[in-house]
Amino acid sequence: MRWEDFRTSSNVEDRRGMGLPGGAGGLGIGTIVILGLIGWALGIDPRILIGGAEMMSGGSGYQQQQQGRQGTPQDEMGRFASAVLGNTEDVWNTVLPQQVNIKYDPPKLVLFSDATRSACGGAQSAMGPFYCPLDQTVYIDLSFFEEMQRRFRAGGDFAYAYVLAHEVGHHVENELGILPRVQERQRQVGQAEGNQLSVRVELMADCLAGVWAHHSNQRWQSLEPGDIEEAIRAAEAIGDDRLQKQSQGRVVPDSFTHGSSEQRMRWLTTGLKTGQIQACDTFRASRL
């Protein structure tokens, strides 16, 4: 992937090496739940993120995090994340107004190591990257990319960019008003239906990541041979069915929160091929 040609975003806060103020105590409910699930899955259960960890725990566990370094980081992986974020800004600044007549207000990106705090509760490396709609911020420990390669054998620049673009896809969902509506519905239904709503949210974010890549390649010729295969391998590696099979030896579809490997690959490919937000409407799709 030719990410070196991208404009880097200054909408980045680097908290790496800063630690968690006040120690590790008081982490949000998101950490507790995610650490009880299959480790290192891409993203975090939207039922936690959308509602906000502090609401689910019956109070606000959020403490103001000390400010990290603002602007483009100087190390290669930090610059990579900043460049991918900058490219998503350039794509969605054009695509969102053109396709749905909405002005794009980009998210912030926070880089951290080990643990930090978000408006959705505590964040730990073991949670993987996630988007918090309460502060409209994507959080990631960049060591997740090493884990993708080591544990999932799903490495490569475009696979890593897909991870970031997926989280930005959740922000696009928030801009479209989808996340608040899902939050409201999840409060009214049982766990099985809530899980299905989560799957639709995640698959739409996969598709929106594909939409970003489609337009990025059209405008900047950013994709190189093998890039699409990298991203598809990553989507396959983090399907709920594959992760459950690896961790517990059996698959429980009713407990899926992100979608199967086949679903994740197919919706990512849909976005890549069409470049259309409308094609990503998993909530109207008869087949997920």
Side-chain angles (χ1 to χ4, degrees), residues 1-9 12 40-43 72-73 75-95 106-107 109 111 128-131 138-172 202-239 242 258-259 261-277 279-280:
M1 184 179 190
R2 299 183 179 93
W3 63 269
E4 296 89 348
D5 297 331
F6 293 166
R7 176 188 65 83
T8 57
S9 174
V12 178
W40 293 101
L42 177 64
T72 303
D75 63 297
E76 183 174 6
M77 289 309 297
R79 285 188 291 106
F80 168 78
S82 176
V84 172
L85 181 67
N87 195 247
T88 64
E89 292 170 353
D90 292 340
V91 166
W92 289 115
N93 276 334
T94 300
V95 172
L109 174 65
L111 308 178
F130 70 94
Y131 170 70
V138 173
Y139 292 83
I140 185 170
D141 183 331
L142 294 178
S143 67
F144 180 75
F145 296 150
E146 298 175 11
E147 194 70 12
M148 283 178 63
Q149 175 62 50
R150 183 180 68 83
R151 189 171 295 192
F152 299 142
R153 297 185 180 180
D157 287 348
F158 188 55
Y160 305 149
Y162 154 62
V163 169
L164 290 168
H166 172 97
E167 300 307 331
V168 172
H170 285 314
H171 179 70
V172 174
E202 294 297 331
L203 294 179
M204 184 174 185
D206 282 334
C207 186
L208 292 171
V211 171
W212 158 74
H214 173 98
H215 290 279
S216 177
N217 191 49
Q218 272 197 340
R219 183 171 171 185
W220 290 276
Q221 293 75 53
S222 55
L223 298 185
E224 298 176 303
D227 280 347
I228 292 177
E229 290 77 9
E230 283 181 6
I232 289 175
R233 280 197 302 271
E236 179 183 22
I238 53 182
R242 181 163 171 176
H258 286 67
S261 292
E262 186 276 332
Q263 289 171 326
R264 301 202 70 169
M265 290 188 293
R266 178 159 43 82
W267 282 100
L268 170 62
T269 302
T270 296
L272 277 163
K273 287 181 176 179
T274 67
Q276 295 293 315
I277 296 173
C280 297

- Task: Test side chain to side chain contact (heavy atoms under 4.5 Å, CB included) on H170 and E202 and set out the steps.
- Result: CA-CA 8 Å; H170 285 314; E202 294 297 331; 3.2 Å; yes

- Full working for side chain to side chain contact (heavy atoms under 4.5 Å, CB included) between V168 and W212: CA-CA 10 Å; V168 172; W212 158 74; over 6 Å; no

- Message: Checking R264 against H166 for the side chain to side chain contact (heavy atoms under 4.5 Å, CB included) test, could you report, in this order, the C-alpha distance in whole Å, the side-chain angles of both residues, the deciding distance, and whether it holds?
- Response: CA-CA 11 Å; R264 301 202 70 169; H166 172 97; 3.3 Å; yes

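Remark: I228 CD1 to T269 OG1 distance equals 8.0 Å, nearest 0.5 Å. To the nearest 0.5 angstrom, D227 atom CG is 11.0 Å from I232 atom CD1. The SG atom of C207 sits 10.5 Å away from atom CZ of R266, with the distance rounded to the nearest 0.5 Å. Once rounded to the nearest 0.5 Å, the distance linking CZ of R219 with OG1 of T94 reads 5.5 Å. Atom-to-atom distance recorded for E76:CD and W3:CH2 is 5.0 Å, nearest 0.5 angstrom.
Within the 4.5 Å cutoff, no side-chain heavy atoms of Y160 are placed close to those of V84. I140 places a side-chain heavy atom less than 4.5 Å from the side chain of L109. Counting only heavy atoms from C-beta outward, the side chains of F6 and M1 approach each other to under 4.5 Å. Considering only heavy atoms from C-beta on, V211 stays 4.5 Å or farther from Q276 through its side chain. Taking 4.5 Å as the limit, every side-chain heavy atom of L164 sits out of range of all side-chain heavy atoms of T88. Looking only at side-chain heavy atoms (C-beta outward), Y139 and E167 stay at 4.5 Å or farther from each other. Within the 4.5 Å cutoff, the side chain of P106 has no heavy atoms near those of the W92 side chain.
Ring geometry for H171 versus Y131: interplanar angle over 60°, hence perpendicular rather than tilted (30 to 60°).
The shortest non-hydrogen separation linking R2 to L223 is NH1-O, 3.2 Å. Shortest non-hydrogen contact noted between F144 and G128 is CD1-CA, 4.1 Å. Between V91 and H215 the shortest heavy-atom distance is CG1-CB, 3.8 Å. Nearest heavy-atom pair across L208 and G169 is CD1-O, 3.5 Å. Scanning all heavy atoms of the two residues, the minimum distance from L272 to H214 falls at O-ND1, 2.8 Å. For the residue pair T270 and A279, the shortest heavy atom distance occurs at CG2-O, 3.8 Å.
Remark: side-chain polar atoms of D206 are not paired, donor with acceptor, to backbone N or O of W267 under 3.5 angstrom. The backbone N or O of A213 lies less than 3.5 Å from no partner atom in the side chain of N217, so there is not a single donor-acceptor pair. Looking at S216, its side chain never comes within 3.5 Å of a backbone N or O of Q221 through a donor-acceptor pair. The main-chain N or O of S9 is found under 3.5 Å from a side-chain atom of S82 such that the two form a donor-acceptor pair. Of the possible donor and acceptor atoms, none in the side chain of R233 sits under 3.5 Å from a partner among the backbone N and O of A154.
Under the 3.5 Å distance criterion, with hydrogens and angles disregarded, no donor-acceptor pair is assigned to the side chains of W220 and N87.
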